[in-house]
Amino acid sequence: MRAIALTMGDSAGIGPEIALETWVRRREAAVPPFVYLGGRDHVDALAATLGLNVPVETVSGPAEAADVFMDSFPVLPIALSAPVVCGKPDPSNGPATIEAIDRAVELAGSGEAAAVVTNPIGKAVLYRCGFRHPGHTEYLADLCGSVSPPAMMLVCDTLRVVPVTVHLPLAEAAKALTVDAIVHCGRTAAAGLARDFGIRAPRLAVAGLNPHAGESGHLGREEIEIVEPAIDILRRDGIQVEGPSPADTLFHEGARRDYDAALCMYHDQALIPIKTLDFFGGVNVTLGLPIVRTSPDHGTGYDIAGKGAARPDSLIAALRLAATMAGTRAGTPDALA
């Protein structure tokens, strides 16, 4: 079994802590083998601070990590420039954060690692050391040489959602909504569901932007002028699509049985239902990359870092999902690759 490349994220955040906690629960939670890319001395000291019995072992790569994983916490060391103070991010350690991502993508791209799982980064901190990408996802796409923009999918056991617009003010999100954007997300979602989730005939539900999905134009014309034309194009592609549906009726238990993923028009329309259903166990998946990448669906948690309060549930789910996706992708026929 190939190990998963797990990045440290911001070393001053909760990433290193939840990585250690995840390893502690490796048996009971059926955690797939991973190799941690980060500061070895930092996780060693952090484990002691947190009172965790975690033997840390330096390894040469994912293959060795898989061999030792059940007995020790495998680290592929990334040198930190300054001592880490939990909860106090230091821009001088920003290059190490980026190096961990670079190395993880390289390992997955070469086939040495089964997938990449990224711990949370602090973008504002990285901007201070020259990082110029809008976020993690865009940087990963650039590293992978992706021509088409990837799409973000949020996943829990009972729901998958894909926001068409993401980190925009609500007023700007409505302006940014286009037929092309919806079609791109729909195509990317359908391809990802087939390639990475083994769903050969994916069913998509599309939420409306406005209350009651626009009420036939009485509450807004975006459904008529933007959403419905996009749905028509997706149907002509042969994708099973229903909508636009009122968002207030799209996420209850009965409705969720009728689709494999929901396309949502803006950030909170997607994230509110997934975090309501599974606040601690949601996973961020990047669709449209040549590698499998997942991430915990939370931030750096500077306010609780190093205090033993961070829960590893989302990281455990991200690792397990990454392993499942990598296995599914490896067995997918070339026609769906």
Side-chain angles (χ1 to χ4, degrees), residues 123 132-142 144-155 159-196 199 202-251 255 258-274 284-290 293 297:
K123 288 179 289 186
R132 290 292 176 264
H133 291 75
H136 228 149
T137 300
E138 294 83 1
Y139 185 56
L140 289 162
D142 192 31
C144 292
S146 298
V147 176
S148 182
M152 179 172 74
M153 175 182 281
L154 290 308
V155 177
L159 179 64
R160 303 182 190 96
V161 291
V162 178
V164 175
T165 64
V166 188
H167 296 124
L168 292 172
L170 187 55
E172 296 301 320
K175 296 175 184 176
L177 194 65
T178 64
V179 172
D180 287 346
I182 297 171
V183 169
H184 171 72
C185 282
R187 288 171 172 166
T188 305
L193 288 167
R195 185 183 192 187
D196 296 328
I199 302 171
R203 303 165 302 161
L204 302 180
V206 180
L209 173 69
N210 296 298
H212 301 179
E215 197 75 73
S216 300
H218 296 290
L219 295 176
R221 295 192 56 81
E222 286 86 356
E223 285 75 14
I224 296 170
E225 297 173 359
I226 299 173
V227 184
E228 290 177 5
I231 289 173
D232 289 340
I233 293 171
L234 292 170
R235 285 176 177 156
R236 289 200 295 271
D237 286 349
I239 300 170
Q240 297 182 53
V241 190
E242 296 297 330
S245 301
D248 63 352
T249 62
L250 191 57
F251 302 108
D258 295 331
Y259 58 84
D260 300 302
L263 299 189
C264 301
M265 299 301 103
Y266 56 94
H267 181 276
D268 283 11
Q269 192 181 63
L271 271 73
I272 287 173
I274 200 123
N284 185 334
V285 176
T286 303
L287 300 177
L289 296 179
R293 181 260 179 156
D297 185 26

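These numbers come from the heavy atoms of this one structure, side chains and all, not from hydrogens, waters or symmetry mates.
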Student: Closest approach of Gly186 and Leu204, non-hydrogen atoms and distance?
Tutor: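 Smallest interatomic distance, heavy atoms only, reads O-CD1, 3.5 Å.
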Student: Please enumerate all residues that pass side-chain hydrogen bond (donor to acceptor under 3.5 Å, both in side chains) together with Asp260, with sequence neighbours excluded.
Tutor: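 Testing Asp260 for side-chain hydrogen bond (donor to acceptor under 3.5 Å, both in side chains), a comparison that skips the adjacent residues, returns Arg203.
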Student: Do the side chains of Ile274 and Arg160 get nearer than 4.5 Å, heavy atoms only?
Tutor: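 Sidechains of Ile274 and Arg160: no contact.
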Student: If you take all heavy atoms of Leu289 and Pro150, which pair is closest and at what distance?
Tutor: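 Looking at all heavy atoms of both residues, the closest pair is CD2-CB, 4.3 Å.
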Student: Please report the closest heavy-atom contact between Phe251 and Pro273, naming both atoms and the distance.
Tutor: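 Minimum heavy-atom contact is CG-CB, 3.7 Å.
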Student: Taking all non-hydrogen atoms of both residues into account, name the closest pair between Ser245 and Leu250 and its distance.
Tutor: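 Ser245 and Leu250 have their closest heavy atoms at CB-CD1, 4.0 Å.
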Student: Side chain of His136, backbone of Lys123: donor and acceptor closer than 3.5 Å?
Tutor: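 Side chain of His136 to backbone of Lys123, a donor-acceptor pair under 3.5 Å: no, none is there.
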Student: Distance-only check: which donor-acceptor pairs under 3.5 Å involve side-chain atoms of residues 205-217, not counting sequence neighbours?
Tutor:
unit_1, atom_1, unit_2, atom_2, d
Asn210, ND2, Glu222, OE1, 2.9
Asn210, ND2, Glu223, OE1, 2.9
Asn210, ND2, Glu223, OE2, 3.4
His212, ND1, Glu215, OE1, 2.8

Student: Quick check for you: to the nearest 0.5 Å, what is the distance between Ser148 atom OG and Leu287 atom CG?
Tutor: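 Reported value, rounded in 0.5 Å steps: 11.5 Å.
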Student: Measure from the side-chain N and O atoms of Thr178 to the backbone N and O of Ala181, and report whether any donor-acceptor pair falls under 3.5 Å.
Tutor: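 At least one qualifying donor-acceptor pair exists.
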Student: Supply the atom-to-atom distance Gln240 CD to Ile199 CD1, rounded to the nearest 0.5 angstrom.
Tutor: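 It comes to 11.0 Å.
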Student: Quick one: CE on Met153 to CG on Leu159, what's the gap to the nearest 0.5 Å?
Tutor: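 That separation rounds to 9.5 Å.
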Student: Parallel under 30°, tilted from 30 to 60°, perpendicular over 60°: which one fits the rings of His267 and His167?
Tutor: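 Judged by the thresholds at 30° and 60°, the geometry between His267 and His167 is tilted.
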Student: Applying salt bridge (Lys or Arg N to Asp or Glu O under 4.0 Å) as the test, list every pair that has at least one member in residues 133-142; sequence neighbours left out.
Tutor: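 Output for this query is empty, none listed.
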Student: Does the side chain of Pro163 come within less than 4.5 Å of Met152's, by heavy atoms?
Tutor: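 Yes - at least one pair of side-chain heavy atoms lies under 4.5 Å apart.
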Student: Just grab all the salt bridge (Lys or Arg N to Asp or Glu O under 4.0 Å) pairs involving residues 164-192, residues at least two apart or on different chains.
Tutor: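 Those involving residues 164-192 are Glu172-Lys175, Arg187-Asp237.
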Student: Go through it in stages, so that I can follow the logic: the residues are Leu170 and Tyr266, the test is side chain to side chain contact (heavy atoms under 4.5 Å, CB included), and I'd like the CA-CA distance, side-chain angles, deciding distance and then a yes or no.
Tutor: CA-CA 8 Å; Leu170 187 55; Tyr266 56 94; 3.8 Å; yes
Student: Tell me, please, which residues at least two apart from Tyr259 pass side-chain hydrogen bond (donor to acceptor under 3.5 Å, both in side chains).
Tutor: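 So Tyr259 forms no side-chain hydrogen bond (donor to acceptor under 3.5 Å, both in side chains) with any residue.
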Student: Taking the side chain as every heavy atom from C-beta outward, state whether Val285 and Leu154 have any pair of such atoms under 4.5 Å apart.
Tutor: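 The answer is no; the side chains never approach within 4.5 Å.
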Student: For residues 225-236, run the donor-acceptor check on the side chains, cut-off 3.5 Å, and write out each pair with its distance to 0.1 Å, sequence neighbours left out.
Tutor:
unit_1, atom_1, unit_2, atom_2, d
Glu225, OE2, Arg221, NE, 2.8
Arg235, NE, Val241, O, 3.1
Arg235, NH2, Val241, O, 3.0

Student: Give a yes or no on whether the backbone of Met265 and the side-chain of Thr165 come within a donor-acceptor separation of less than 3.5 Å.
Tutor: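 At least one qualifying donor-acceptor pair exists.
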